[in-house]
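Below, read A as the first sequence line, B as the second, and so on, with proteins coming before strands; counting in each chain starts at 1.
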Protein chains: 2
Amino acid sequence: MGAATSDAPRAWRTVLEHIEQQLLDGALRPGDRLPGERALSAELGVGRSSAREALRVLEVLGLIRTAAGSGPNSGAIIIATPGGGMSALMRLQVAASGFPVADIVRTRLILESSVAGDLADAAPAADLSAADLLLDAMDSPDLAPTEFLALDAAFHLALAEASGNQVITATMAGLRSGIEGYALEGVSAIADWSATSTRLRTEHRGIVEAIRAADAATARSRTHDHISGYYAETFPPSSPSGPSAPTATPSPASTTPESPA
Amino acid sequence: MGAATSDAPRAWRTVLEHIEQQLLDGALRPGDRLPGERALSAELGVGRSSAREALRVLEVLGLIRTAAGSGPNSGAIIIATPGGGMSALMRLQVAASGFPVADIVRTRLILESSVAGDLADAAPAADLSAADLLLDAMDSPDLAPTEFLALDAAFHLALAEASGNQVITATMAGLRSGIEGYALEGVSAIADWSATSTRLRTEHRGIVEAIRAADAATARSRTHDHISGYYAETFPPSSPSGPSAPTATPSPASTTPESPA
DNA sequence: TAGCACGTGTGGTCAGACCACAGGAGGGAG
DNA sequence: CTCCCTCCTGTGGTCTGACCACACGTGCTA
């Protein structure tokens, strides 16, 4: 042995597909332990290194968690944490120029505006306590920009989580990771951080307020303006991010009032 | 050697971070060739298998393309094809129950409605020729459901591409992949395929028509209804996809006419 | 009975060896 | 001089075997 017999597909792909199939069949469920690497490779007739390559992919994608040692917590365990995989994907794609930053911002605009609107419309009012906590934490007067930004990201994510849509939550986590580097850089472009953070805090509360008031249109437009405003300030005029400006995206409810009056 | 000295982070992660850093620094750009696996591992002081694990991750994430042999086309080459990675991620997350199908559909609703609206509002009218071609192809009377569905997916993707937002395009490709299996299964749940496909064709043309007429609100609502309608038909009442029905999401412009009259 | 030492299995990593393949360099035939 | 064929080289792809660090369980010991 030692080589691919030409007609066979890549060995690691075999492993990946095998596990995917078992997941689809229900033979493998979240919380379950995968066979050990040695067993898995023997079972599928591939080398351990090939099996490991597949497991590595699953790990980065957020499907499994691995731990050495013995006992029930060791080995590869199925977990579905899409956020991690999404973050890695977005981050690397941005690094490789596959995702223009402007497109990420535009996508945030769409997703978050929609989330805010849905939250306001939610029949049984969504639980915003997590967001409230973050809002309070952000009021600490002596927060470094980095800390503030982390709380800010967590706040936006908390809204997504409150909406209950796991796909959007994971996507937003990924989008945020993708532009995290730029966000940190951007802080230096802000003239008066104190004023900016105060404004951001006010806008955050305004969004939550609109959601609580079940005013979807306002929640949407405030979210849109909040995000586009921040990026307009962070990425001054000639940001080499892409051909068009992030704020160019017409939001579903930004300039269109359609107020509930 | 042969083992991790406990304090060191995982070797493959070292490789991954090294490459990411080079991408961020601009030392590595799309189209460039990575060092060979042997050189890379030597350079970073890790084993070749560890370097390979990192490369495998990059490959699945759509960042590199690998080819054996020699010459300029061999080796690992930086490519930024987010769609592939996104598809793998979504597909596996769905398989692992990390992404409820209902959430994926809801996300499609948001993204595609928004795309259709933006397309209609686009200052220089977007190029819809690719979508037109697919529309014509879908008119072939003797298309198998599978073929029709493939064209249908391509049509929706073409609209996203026309919008020029690469993040949305890749995300939509991923979302589609995630529910592809369910879509194929769902065909059998459709009583009169001929009638359904005719309806879908009509709806598609209606969407494009609204976009061409620069009627954003109609484009949005038609897109929303098109998608939610299809899934309502494909996943009859008691689909075990999630706690709430996909159509429960209030679209920005679905039931709210705000017609241009 | 309480505590500790050892065995065992797991992931993590490395080193070395082949294979298949694609391309280029070189020599030989025309 | 030109063209074609052959061999060589480098690349990814894979397998095997080995060792390390670690966490757990078992069972012996005090």
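Bending across the helix from dT1(C)-dA30(D) to dG30(C)-dC1(D), expressed as the angle between its end axes from five pairs apiece, amounts to 20° (10° rounding).
Thr107(A) places a side-chain N or O within 3.5 Å of a backbone atom of Asp103(A) that can act as its donor or acceptor partner. When atom types are taken as modelled, the side chain of Thr234(B) and the backbone of Tyr230(B) share a donor-acceptor pair closer than 3.5 angstrom. Remark: the backbone N or O of Ala144(B) is paired with a side-chain donor or acceptor of Glu147(B) at under 3.5 angstrom.
Of the candidate nucleotides dA22(C), dC15(D), dG9(C), dA22(C) has the atom nearest to the side chain of Ser70(B). Nearest to the side-chain atoms of Asn73(A) among the listed nucleotides dC14(C), dC24(D), dG12(C) stands dC24(D). Side-chain atoms of Pro72(B) lie closest to dG24(C) of the nucleotides dG24(C), dC15(D), dG13(D). For Ala68(B), whose side chain is taken as the heavy atoms from C-beta onward, the closest listed nucleotide among dC15(D), dG12(D), dT14(D) is dG12(D). The listed nucleotides are dT10(C), dG11(C), dG12(D); the one nearest the side chain of Arg52(B) is dG12(D).
Looking at which nucleotide of DNA chain D each of Gly71(A) and Ser49(A) is closest to, the 5′-most match is held by Ser49(A).
Salt bridge annotation for Arg65(B)-Glu59(B): absent, with no cationic side-chain nitrogen under 4.0 angstrom from a carboxylate oxygen. Using a 4.0 Å cut-off between charged nitrogen and carboxylate oxygen, Glu53(B) and Arg56(B) do not count as a salt-bridge pair.
If you measure from atom CG of Leu44(B) to atom C1' of dC14(C), you get 15 Å, rounded to the nearest angstrom. For the pair Glu53(B) CD and dG13(D) C1', the computed distance is 14 Å after rounding to whole Å. When the P atom of dG13(D) is taken as reference, atom CH2 of Trp12(A) falls 9 Å away, rounded to whole Å. Rounding to whole angstrom units, CD1 of residue Ile64(A) and P of dT10(C) are separated by 15 Å. Straight-line distance from the CD atom of Glu37(B) to the P atom of dG16(C): 17 Å, rounded to whole Å. One can place CG of Leu40(B) at 14 Å from P of dA15(C), the figure rounded to the nearest angstrom.
By the 6.0 Å contact criterion, CZ on Arg33(B) is enclosed, its count of non-hydrogen atoms from other residues, nucleotides or ligands being greater than 12.
Counting atom types as modelled, Arg48(A) pairs no side-chain N or O with a base atom of dG17(D) as donor and acceptor under 3.5 Å. Arg10(B) contributes no side-chain N or O that forms a donor-acceptor pair with the base of dG11(C) under 3.5 Å. Remark: the Arg56(A) side chain and the dG12(C) base include no donor-acceptor N/O pair separated by less than 3.5 Å. A donor-acceptor contact under 3.5 angstrom links the side-chain atoms of Arg38(B) to the base of dG12(D).
Contact annotation for Thr66(A): backbone-only contact, meaning every heavy-atom pair under 4.0 Å involves sugar-phosphate atoms and none involves a base. Contacts of Gly69(B) with the nucleic acid, taken as non-hydrogen atoms under 4.0 Å apart, include base atoms. At a threshold of 4.0 angstrom between heavy atoms, the contacts of Ser50(B) are confined to the sugar-phosphate backbone, with no base atom among them.
A donor-acceptor contact closer than 3.5 angstrom is absent between the side chains of Ser163(A) and Asn165(A).
Pairing each heavy atom of Ala96(A) with each of Leu63(B), the nearest pair is CB-CD2, 3.5 Å.
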